[in-house]
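Below: one structure, written as structure tokens.
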2 protein chains.
Amino acid sequence: MKKIEFARETLADAAYAQIAEGILTHDLGPGARLLMDDLAARLGISRTPVREALHRLEMERVIEPGGRRGYIVRELTDAELDKQYAARGAIEPFALAEVARRGGAAAKYVRSTFEELVSAPQTTAMEVFLVNKAIHRCTVEALDNEYLLSMFDVIWQTAMAAHVWADILESRSSVDFPEMHRPIVEAAESGDPELASKVAREHILAGRGLHSIHSAQPVV
Amino acid sequence: MKKIEFARETLADAAYAQIAEGILTHDLGPGARLLMDDLAARLGISRTPVREALHRLEMERVIEPGGRRGYIVRELTDAELDKQYAARGAIEPFALAEVARRGGAAAKYVRSTFEELVSAPQTTAMEVFLVNKAIHRCTVEALDNEYLLSMFDVIWQTAMAAHVWADILESRSSVDFPEMHRPIVEAAESGDPELASKVAREHILAGRGLHSIHSAQPVV
DNA sequence: CCATCGAATAAGGTATACGGTATACGCAAA
DNA sequence: TTTGCGTATACCGTATACCTTATTCGATGG
């Protein structure tokens, strides 16, 4: 059941969602300049909520100030991807190990979330991104610690700007996303924190390798 | 030479700083209700920059929405302190271990930052907070990874609302803040990631214990 | 005294106007 | 052709007005 909460949604929230979607789907590609007046005209609303949405995206490091003229959609370099994956290394093994240590409800939560997500649609870049994020996020959610969640989100929000998700999708014939994550779930249920930490670290290392595979191909 | 950059400060930035200071110094105590119109009048500016500042503090979890009426300054419960310290456990041992692994410039940065901070003034709650934060933050800064830094800041920004820093200060006769952190620096220089991780974890555990000591005293 | 209803008020989201600053453009002089 | 200067324009931060919604308050009736 999906609770209807759109009565609480502000124009700023809607603007944020629209701009974020544009970034993820390449409508607003890397390096694109976002001017609040233009976006306001395009979205048919005033500048105020657009300004808020842009500030939020800035805080999430999805965009960066473009001098005196608006914002620029950030493009993640290889070096920055390395940093993202290093940061993932700080939190995801920690979280998975803790889930394994606790077992019980925490592990069950990871399992049930995974089973729901296995059959979720993954035909667009956005869907791939959201499912991947959700699978990893559930291992942190299971710990019921808002700080850990925010730390996770710090990384994954910016990952939105990593257009490599669409690129990985292009080579999907060689990548089975749900099955790649099954070891995560099994580790969560293992009761062995050391094993869980190891599985998470290896998964992250392998994930970074997927990006490398793409980078090795010529850009047309 | 200090570059003059105050021309870049907006009223929203100034409002943020003022409100944050009020929260840390108890002028705006826990549970206090912040209404943007009141604050605007008090600060002598319009609602717009105040609104921005409040949103920023909200995102940093220093304040939370108070239903339809403004924001409430959050008070950290014991349970939430536990979560903060757990989250610290994810990132600070990771960072210190990495500094130890790298050694060289990273370890030197931690040492030099520490030596600067040892003699920094620590007579007010704010000063104690800032120095403590800076010492721990430098172990993350040394890694030059903005994601790790943001993860660190996610925890420590909210810690601003932890008024226990002033309380710990009251019992300072039994706490030597700089010396408490010297093992951190030595671990950074040790070249031993496992040792560094252990030192960080123990330091965090001991730090949580300081809060407990306070909580055990009657509240007058 | 308590419950209900309508009006007033409080508070915030949004639209729009104003002003400041940086940048771009056009023109004249060297 | 290049450089410098003045003007116009672009863009954003801020102030203020307007509108909506929720809450509070006061009056009335049972």
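Naming: A, B, ... by sequence-line order, numbering from 1 per chain.
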Sequence-distant partners of [X], side chain to side chain donor-acceptor pair (under 3.5 Å), two or more places apart:
| X | value |
| --- | --- |
| D153(A) | R137(A) |
| E116(B) | none |
| S150(B) | R61(A) |

Check residues 31-38 of chain B and write down every donor-acceptor pair under 3.5 Å in which the side-chain atom is one partner and the other belongs to a residue at least two apart or another chain.
{"from": "R33(B)", "atom 1": "NH1", "to": "G66(B)", "atom 2": "O", "distance (Å)": "3.2"}
{"from": "R33(B)", "atom 1": "NH1", "to": "R69(B)", "atom 2": "O", "distance (Å)": "2.2"}
{"from": "D37(B)", "atom 1": "OD1", "to": "R47(B)", "atom 2": "NE", "distance (Å)": "3.2"}

Could you list, one pair per line, each protein nitrogen or oxygen that sits under 3.5 Å from a nitrogen or oxygen of nucleotides 19-21 of chain C, together with the distance?
{"from": "dG20(C)", "atom 1": "N2", "to": "R68(A)", "atom 2": "NH2", "distance (Å)": "3.3"}
{"from": "dT21(C)", "atom 1": "O2", "to": "R68(A)", "atom 2": "NH2", "distance (Å)": "3.2"}

Nearest listed nucleotide, side chain of L35(B), among dC11(D), dA11(C), dT14(D):
dA11(C)

[X] [atom1] - [N] [atom2] separation (whole Å):
| X | N | atom1 | atom2 | result |
| --- | --- | --- | --- | --- |
| Y16(B) | dT14(D) | OH | C1' | 21 Å |
| L54(A) | dC12(D) | CG | P | 8 Å |
| D37(A) | dT14(C) | CG | C1' | 15 Å |
| L34(A) | dC12(D) | CG | P | 10 Å |
| M36(B) | dT16(D) | CE | P | 16 Å |
| H55(B) | dT14(C) | NE2 | P | 9 Å |
| E52(B) | dC12(D) | CD | C1' | 11 Å |

For E80(B) and Y147(A), which I'm curious about, is there any donor-acceptor pair between the side chains at under 3.5 Å?
yes

Answer with yes or no whether the side chains of H55(A) and H55(B) bring together a donor and an acceptor at under 3.5 Å.
no

Which of residues 40-48 of chain A have a heavy atom under 4.0 Å from DNA chain D?
R47(A)

Using a strict threshold of under 4.0 Å (side-chain N to carboxylate O), is an ion pair present between E52(B) and R56(B)?
no

Parallel, tilted or perpendicular for H181(A) and H136(A), by the 30°/60° rule?
perpendicular

Where do R74(B) and V62(B) land on the side chain to side chain contact (heavy atoms under 4.5 Å, CB included) test, with the steps shown first?
CA-CA 6 Å; R74(B) 296 184 68 223; V62(B) 177; over 6 Å; no

